[in-house]
Student: 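This is the structure I want to talk about, given as structure tokens.
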Amino acid sequence: MGFIAFLILGLIAGAIAKAILPGRQGGGWIITMVLGVVGAFLGGWIGGALFGGGLQEFFSLQTWLLAILGSLIVLAIYGMVTKRGARR
């Protein structure tokens, strides 16, 4: 998958993860894309470690599910870190 396709995948996966998680998450589209790209890397790593298959082609269902799963994890961690910092 190309670099631009990976950025698009990260942006969309991050937006889907923000829509799935309840509550208000801060950050604009750049933070969403960064979290989505990091989540896609994490999802690909988890998929490779657990199932023997990481990210495939851009239009593969496996790629999208792993990227969204990774983005959900990263977004949850991001939410915990930013809420903890806001209380201080």
Student: Any link between L61 and I68 through a network of hydrophobic side chains (Ile, Leu, Val, Met, Phe, Trp, Tyr) touching at under 4.5 Å?
Tutor: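 Different clusters.
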Student: Looking only at heavy atoms, which two atoms of S71 and A40 are closest? And how far apart?
Tutor: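 Scanning both residues, the minimum pair turns out to be OG-N, 4.3 Å.
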Student: Please walk me through it: do I20 and L75 pass side-chain contact (heavy atoms from CB on, under 4.5 Å)?
Tutor: CA-CA 10 Å; I20 291 173; L75 189 60; over 6 Å; no
Student: To the nearest 0.5 Å, what is the distance between CZ on F41 and CD1 on I46?
Tutor: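 That separation rounds to 14.0 Å.
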Student: If every non-hydrogen atom of F59 is compared with every non-hydrogen atom of W64, which pair is closest and at what distance?
Tutor: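 Result for this residue pair: CA-NE1, 4.1 Å.
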Student: Could you pull out the closest heavy-atom pair between G47 and L66, with the gap in Å?
Tutor: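 It is CA-CD2, 3.8 Å.
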Student: Which heavy atom of E57 sits nearest to which heavy atom of T63, and what is that distance?
Tutor: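 Closest pair (atom of E57, atom of T63, distance): O-OG1, 3.0 Å.
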Student: Nearest 0.5 Å, please: how far is CG in L42 from CG in L69?
Tutor: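 The CG atom of L69 sits 7.5 Å away from the CG atom of L42.
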Student: Return the CG to CD1 distance between L21 and I73, rounded to the nearest 0.5 Å.
Tutor: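 The CG atom of L21 sits 10.5 Å away from the CD1 atom of I73.
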Student: Shared ILVMFWY cluster between L50 and L65, side chains joined below 4.5 angstrom?
Tutor: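 Different clusters.
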Student: Between T32 and G14 (side chain of the first, backbone of the second, donor and acceptor by atom type, cut-off under 3.5 Å), is there such a pair?
Tutor: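 It does not hold such a pair.
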Student: With rounding to the nearest 0.5 Å, note down the distance linking CD1 in I30 to CG in L11.
Tutor: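 Between I30 CD1 and L11 CG, I get 10.0 Å after rounding to 0.5 Å.
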Student: From I31 CD1 over to T82 OG1, what is the distance, rounded to the nearest 0.5 angstrom?
Tutor: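 If we round to the nearest 0.5 Å, I31:CD1 and T82:OG1 are 10.0 Å apart.
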